[in-house]
J.: 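Would you mind keeping the following structure in view while I ask a few things?
Labels below follow one simple rule: chain letters A, B, ... track the order of the sequence lines, proteins then strands, and each chain is numbered from 1.
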Protein chains: 2
Amino acid sequence: MPETRPYHHGDLRQTLLAAAVDAIAESGPARLSLRELARRAGVSHAAPAHHFGDKAGLLTAVAAEGYHLLADALTAAQQAGDFLDTGVAYVRFAVDHRAHFEVMYRPDLYHPDDQAVAAARQRAADALYGGVGTVTDTRTDSGIALAGAAAWCLVHGFATLWLNHALPAGLGTDPEAAARAVAAVLFQGPDQPQVGG
Amino acid sequence: MPETRPYHHGDLRQTLLAAAVDAIAESGPARLSLRELARRAGVSHAAPAHHFGDKAGLLTAVAAEGYHLLADALTAAQQAGDFLDTGVAYVRFAVDHRAHFEVMYRPDLYHPDDQAVAAARQRAADALYGGVGTVTDTRTDSGIALAGAAAWCLVHGFATLWLNHALPAGLGTDPEAAARAVAAVLFQGPDQPQVGG
DNA sequence: AGACAGTCTTGACACTGACAAGATGCATCT
DNA sequence: AGATGCATCTTGTCAGTGTCAAGACTGTCT
């Protein structure tokens, strides 16, 4: 890496993506500025537009990357543990990749019909619903679908509320343990709360 | 109402709030513009700043109004029906007042420590947790808290996913019926799916 | 009538996203 | 080797935005 920056950055797209994720994690997607990103990367103010078209294009790339990361995390958890672990992995993804998560579920910020992001979203959906049948495999099809939707809603709601510090403080400070305890209400009924276990 | 607008608008604060809600419902809080609101209200471009300080101040007022509306809806549902109805009312609020809902749970857009919004949020929290005990009144305290958190997570996740068109199409087009069916999984177990019943 | 506070306007500044046109460097073909 | 084509990045520019400061207008209170 020469001290004098070459005319071509070489890996500007990835650099901008990473800088965008950092900036969003710091102050939210609303305050994101393409020019600020360019300044951080040491390029001119119009360089980002070349790689992403416009601001929504950049956030589209962030969302697509996020869906891929989520799909990876879900499939890994699904192979290693049971359905509850997959739900906890969903929450862990949201906490560990807060910036991606916040963009993914805000389609007014990007191009939701973009081909790349649609494909990535489908990957995540497949991973998410792939393990649904294991928890209620003796029920009807509609029961399976409802149980899967309920599980997704629960972990998604937990993730968003946790990120906004909206959940009661009694759940502790460890998001995974809290998510496991709350999700256990759905998967095992309210009889056996497993917090701290 | 004289045709020539008087120097003092008379009810500018409420007019701007309503216009902001409309604009957010149309194109999301990210694309909100104070100057566009001023144009809609027929006042000068700096008039909004006088009433709300800055853009975040306006969204703070939107969030506070939203929390009050949510508290009203929850208490009404709680008095009229059971706990499941309260959860459905939460979803109905999110769908009917999409703009408020989208701002409320995005604290990076406003001043979350503002006194008025904190009080309104407390009202909504009280209304939300006021009816938790009725569903698991024979359980332990921690069980009650977990069940309440699980219920809140589920309906909140359902609301956000529904608004983003992220839920499977098989749930139908009526958000209240779909929410009732999904929430029934938590309240009654997966044995008795009540969709369409 | 006069002072005063609240309401709204005017003017200005820095910043942003987007567009057009040009400069630079790499790869490929003849 | 030399020329061509193309992706990459820069420079310059424009309209639009949020925010601040200063001033104009209006109702109220003494």
J.: Looking only at side chains, do B:Trp152 and B:Tyr90 share a donor and an acceptor under 3.5 Å apart?
T.: yes
J.: A:Phe52 CZ to C:dA18 C1': how many Å, rounded?
T.: 16 Å
J.: Any side-chain to backbone donor/acceptor pair from A:Asn164 onto A:Ala166? Under 3.5 Å, distance only.
T.: no
J.: Nearest heavy atom decides the nucleotide; on that basis, is A:Ala56 or B:Arg13 closer to the 5' end of DNA chain C?
T.: B:Arg13
J.: For C:dC15 and A:Ser33 - does any side-chain N or O of the residue sit under 4.0 Å from the phosphate oxygens OP1/OP2?
T.: no
J.: Just to be sure I understand the rule, does B:His51 reach a base, reach only the sugar-phosphate, or reach nothing, if contact means heavy atoms closer than 4.0 Å?
T.: sugar-phosphate
J.: Let me know the distance between CD of A:Gln14 and C1' of D:dT8, rounded to the nearest Å.
T.: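 So the two atoms are 16 Å apart, to the nearest Å.
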J.: Just to be sure I understand the rule, does B:Leu58 reach a base, reach only the sugar-phosphate, or reach nothing, if contact means heavy atoms closer than 4.0 Å?
T.: nothing
J.: Describe the nucleic acid contact of A:Leu37 in one word from base, sugar-phosphate, nothing, applying a heavy-atom distance below 4.0 Å.
T.: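 Contact class for A:Leu37: none.
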J.: Side chain of B:His50 only, please: which of C:dT7, C:dT16, C:dA20 is the nearest?
T.: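 Output: C:dT7.
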J.: Using whole Å, report how far NZ of B:Lys55 lies from C1' of C:dT16.
T.: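 Rounded to whole Å, this separation is 11 Å.
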J.: Rounding to a whole Å, what distance do you find between A:Glu36:CD and C:dA18:P?
T.: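 From A:Glu36 CD to C:dA18 P: 16 Å.
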J.: Quick one: does any side-chain atom of B:Arg98 pair with a main-chain N or O of B:Leu163 as donor and acceptor, under 3.5 Å?
T.: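 Answer holds: yes.
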J.: For A:Leu34 and D:dT10, give me the distance from atom CG to atom P, rounded to whole Å.
T.: 14 Å
J.: Fit a plane to each ring of A:His97 and A:His100, take the angle between them on a 0 to 90° scale, and name the class: parallel (under 30°), tilted (30 to 60°) or perpendicular (over 60°).
T.: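 Taking A:His100 first and then A:His97, their aromatic rings stand perpendicular (interplane angle over 60°).
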J.: Could you tell me whether A:Arg39 contacts a base, only the sugar-phosphate backbone, or nothing, with contacts defined as non-hydrogen atoms closer than 4.0 Å?
T.: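 If one applies the 4.0 Å heavy-atom cut-off, A:Arg39 turns out to touch the sugar-phosphate alone, with no base involved.
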J.: Check the hydrophobic clustering (I, L, V, M, F, W, Y; side-chain heavy atoms under 4.5 Å; chains of links allowed) and say if B:Leu146 and A:Leu167 are grouped together.
T.: yes
J.: With a 3.5 Å cut-off and just heavy-atom distances, do the side chain of B:His45 and the base of D:dG16 make a donor-acceptor pair?
T.: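 No such pair is found, so the answer is no.
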J.: Give the rounded distance in Å between these two atoms: CZ of B:Arg31 and P of D:dT17.
T.: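 Interatomic distance, CZ of B:Arg31 to P of D:dT17: 13 Å.
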J.: Students often get this wrong, so: under 4.0 angstrom with heavy atoms, is A:Ala49 touching a base, only sugar-phosphate, or nothing?
T.: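 If one applies the 4.0 Å heavy-atom cut-off, A:Ala49 turns out to touch nothing in the nucleic acid.
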J.: May I have the distance from B:Asp11 (atom CG) to C:dT7 (atom P), rounded to whole angstrom?
T.: 11 Å
J.: Rounded to whole Å, please give me the gap between CG in B:Asp54 and P in D:dC20.
T.: 7 Å
J.: Would you kindly compare A:Arg35 and A:Ser44 by the position of their nearest DNA chain D nucleotide and give the one closer to the 5′ end?
T.: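 The 5'-side residue here is A:Ser44.
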